[in-house]
A.B. asks: 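Before I ask anything, let me first share the structure, which is written out below as structure tokens.
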Amino acid sequence: MDNERVAAVLSEIGVLLELQGENPFKVRAYQNAARAIEGLAERIDDLAREDRLQEIPGIGEAIAKKVATLATTGDLPYHRELRETVPPGIFDVLRVRGLGPKKAKRLWKELGVLDLRSLRKACRDDRVKDLAGFGEKSQRMILEGIAFLEKAADRSLLGEALPLARELVAALTECPAVQRASLAGSIRRGKETIGDLDLVASSDDPEGVMEFFTGIVPDAETIARGRTKTSIRLESGIQADLRVVGGSEFPACLAYFTGSKEHNVRVRTLAASLGFKVNEYGVFREGSEKPEDIPDEEALYRALGLAYVPPELREDRGEIEAAREGKLPVLVEERDVKGVLHCHSIWSDGRASIHEMALAAKALGMKYLGIADHSKAAHYAGGLDEKKLVLQAAEIDAVEKRVKGLRILRGSEVDILADGSLDFADEVLAGLDFVVASVHSKFGMSEDEMTARIVRAIENPFVDCLAHPTGRLLLAREGYRVNLEKVIEAAARTWTFLEINGNPRRLDLDAVWARRAAQAEVKILLGPDAHDTEGLADTEYALLTARRAWLTKDDVANSLPVTRLLASLRRRRNPEAKRARKPRKRG
DNA sequence: GCCGTTTTCGGCCCGACTGTTTTCAGTCG
């Protein structure tokens, strides 16, 4: 059993014990153990076999025994028995904002709430507000929380869906009956959340492909199986739809199922005005049954007098006009990204050492790595105080000497305090190569207060970048209230970067706002917000979002080589240089 | 349940916020 699943079971045991009113420290012990295993470099079943589990800090005799059982047999009776003591729907109830184990238990024991359905009914029947510790307001908040969860329920994060979809495409490509295979749909467009996975393949033997596809994943359930379309449900609950067409139909089919619907409508309207018909089988001259010769998507767009529109732009946000006039941007690409800032390490809440992060960054071909651990106000994340920051600087220098060909920059993700001041004094910030600032507390401020708070932070000459500007968590939490137009205006005025945070749960700024920021001449930083070596790859999700935002290489701060990036950072710290600059608007 | 050690048990992160209360419990980050 892999580390992630073992960790998930331990963490669930923690929740179950909490529901039972167990000793909170015992609860925490399970959660600590889960976190330790999640961040482990070695395979947990190897450690179990070698009887080395207790070497992991946070795992003692009792948990080691349970983990050993779990890792070797794939089952833990203790966990199963605990699960039987609570209604399965209670885990959904716990996902409602504002409801923790204590309140969930009270709802369950006193009102018979077993799942979201009965919880909503209890609220609507006005029974929740009379419960001790609840009131009118909590009843209303719960109803809102349920609505939010339901809106999010049938969608997945890009970061979960894309790796799965790529595995499926890779597997399909191996199938002898398949000629070509590709991602399609919103996942190909890089949308931040995904309803289901759309795949397109071409073949002379669709039956053979469908046969292969239904058996592609051992535990997948087949929902529908036809000659041209088959749907399966993966173990994670995500649905994958495969469409199979003949070889010559592939490009039109791919374009059709990549969408978006709005983009397709515009393409078909344009085609009609030129005397063509476009559908999922090809491009047809009016009155003809015989399709035009369209070898690939480029040819399809060319036939309509359009430059090739990259999938990320296909949203009907001006791309058809730009393609017709030859004014599509040259979108930023993976090879343009020279390095990353905004990464964490074990000094705060990261799970890898600076050395491990450095090796991983170098392996990814990056030229620089910025370490930006949390500042002291972020207690929950083990934020660094001034003393530790100095110690960390020494380690960074030492690691940099060991890892040739990689610059390691000293930074901080400094908390923006409630009044807009920063968690470190200017003299401390001045000693760093770069500073990203972000909001991690007091999300409930009014829009005016929050905007003033953030603008004040941006105006600090040592703040180089505002990280995750809206604080949203996809499918989980709305961002705080903030006037982004004013934030962009302040960033443009002070040469402050705005981040596209690549953590799949954030993708913040989103594509629409990142585009507006770039139009206002604000440079965008693609930040992985990596908390382990694998997290460095989240830069890709920031990149996809940047492409959806029409960004070119020049719009992206970390497309600069390190010397020019550092020069640019130094320049923006000089107030004289700042005042001299007049922002100019761009189209 | 883990850890450190004071080798046998006491301490384990905590401040802020919110909606309840009338001094605080529960949740969140």
Side-chain angles (χ1 to χ4, degrees), chain A residues 9-37 53-68 76 78-79 82 93-110 123 128-145 148 344 348-349 373-385 388 413-419 423 438-446 449-450 453 467-468 471-473 476-481 503 505-506 529 531:
Chain A
V9 169
L10 291 181
S11 160
E12 195 173 293
I13 290 173
V15 174
L16 289 164
L17 292 175
E18 214 172 352
L19 279 168
Q20 298 206 326
E22 254 289 3
N23 170 6
F25 296 109
K26 183 168 165 180
V27 170
R28 192 182 301 164
Y30 277 94
Q31 275 150 2
N32 287 342
R35 213 160 344 107
I37 290 174
L53 289 169
Q54 286 194 60
E55 290 175 18
I56 306 168
I59 296 192
E61 202 183 328
I63 295 187
K65 224 164 139 188
K66 295 191 176 74
V67 169
L76 182 60
Y78 174 70
H79 174 234
L82 267 178
V93 172
L94 283 168
R95 290 170 56 220
V96 176
R97 274 183 70 73
L99 292 186
K102 299 261 168 54
K103 288 190 167 178
K105 187 178 180 185
R106 177 158 289 163
L107 289 164
W108 162 35
K109 293 288 184 187
E110 296 183 30
C123 289
V128 170
K129 73 172 192 335
D130 298 326
L131 221 51
F134 293 78
E136 288 275 0
K137 197 152 184 183
S138 16
Q139 184 167 284
R140 208 165 53 241
M141 295 291 285
I142 290 171
L143 280 173
E144 282 171 22
F148 188 92
H344 297 268
S348 68
D349 60 348
D373 273 309
H374 289 282
S375 63
K376 57 184 190 286
H379 304 288
Y380 56 87
L384 277 61
D385 59 18
K388 280 199 178 158
E413 178 178 6
V414 64
D415 263 43
I416 299 175
L417 306 180
D419 63 354
D423 195 24
S438 53
V439 168
H440 289 116
S441 60
K442 298 200 183 179
F443 282 31
M445 287 181 152
S446 74
E449 285 170 327
M450 186 61 90
R453 172 184 182 186
H468 44 79
R472 74 165 177 185
L473 291 180
R477 176 180 85 197
E478 308 274 5
Y480 35 75
R481 290 178 296 252
N503 183 317
R505 300 192 316 139
R506 292 193 184 270
D529 200 353
H531 284 72

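The chains referred to below are lettered A, B, ... by the order of the sequence lines, with proteins before strands, and numbering in each begins at 1.
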A.B. asks: For A/F443, what residues pass the ring-ring contact (aromatic ring centres under 6.0 Å, His included) criterion, not counting sequence neighbours?
C.D. replies: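 Expected list: A/Y480.
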A.B. asks: With heavy atoms under 4.0 Å as the rule, sort A/N23 into base, sugar-phosphate or nothing.
C.D. replies: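 Base, at least one base atom sits under 4.0 Å.
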A.B. asks: Between A/K103 and A/R106, is there a side-chain heavy-atom distance shorter than 4.5 Å?
C.D. replies: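 Side chain of A/R106 against side chain of A/K103, heavy atoms only: no contact under 4.5 Å found.
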A.B. asks: Under a 3.5 Å cut-off for both distances, is B/dT8 Watson-Crick or wobble paired, and to whom?
C.D. replies: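 Paired with no nucleotide.
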A.B. asks: side-chain hydrogen bond (donor to acceptor under 3.5 Å, both in side chains) with A/E18: which residues, sequence neighbours excluded?
C.D. replies: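 side-chain hydrogen bond (donor to acceptor under 3.5 Å, both in side chains) check on A/E18 returns nothing, list empty.
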A.B. asks: Indicate syn or anti for B/dT8, taking the glycosidic torsion and treating anything within 90° of 0 as syn.
C.D. replies: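 You should classify B/dT8 as syn.
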A.B. asks: Identify, with sequence neighbours excluded, every residue that meets ring-ring contact (aromatic ring centres under 6.0 Å, His included) alongside A/H468.
C.D. replies: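 ring-ring contact (aromatic ring centres under 6.0 Å, His included) list for A/H468, sorted by chain: A/H440.
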A.B. asks: Indicate, with a heavy-atom threshold strictly under 4.0 Å, whether A/Y30 touches base, sugar-phosphate, or nothing.
C.D. replies: sugar-phosphate
A.B. asks: Which pairs pass salt bridge (charged side-chain N to carboxylate O under 4.0 Å, His left out) with one or both residues in residues 20-35 of chain A, sequence neighbours excluded?
C.D. replies: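 For residues 20-35 of chain A, and leaving out neighbouring residues, the salt bridge (charged side-chain N to carboxylate O under 4.0 Å, His left out) pairs sorted by first residue read A/E22-A/K26.
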A.B. asks: Which nucleotide span of DNA chain B, 5' end to 3' end, has atoms closer than 4.0 Å to non-hydrogen atoms of chain A?
C.D. replies: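 Contact boundaries, 5' end first: B/dG1 to B/dG29.
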A.B. asks: In chain order, what residues pass the ring-ring contact (aromatic ring centres under 6.0 Å, His included) check against A/F148, with sequence neighbours excluded?
C.D. replies: none
A.B. asks: Indicate, with a heavy-atom threshold strictly under 4.0 Å, whether A/P57 touches base, sugar-phosphate, or nothing.
C.D. replies: sugar-phosphate
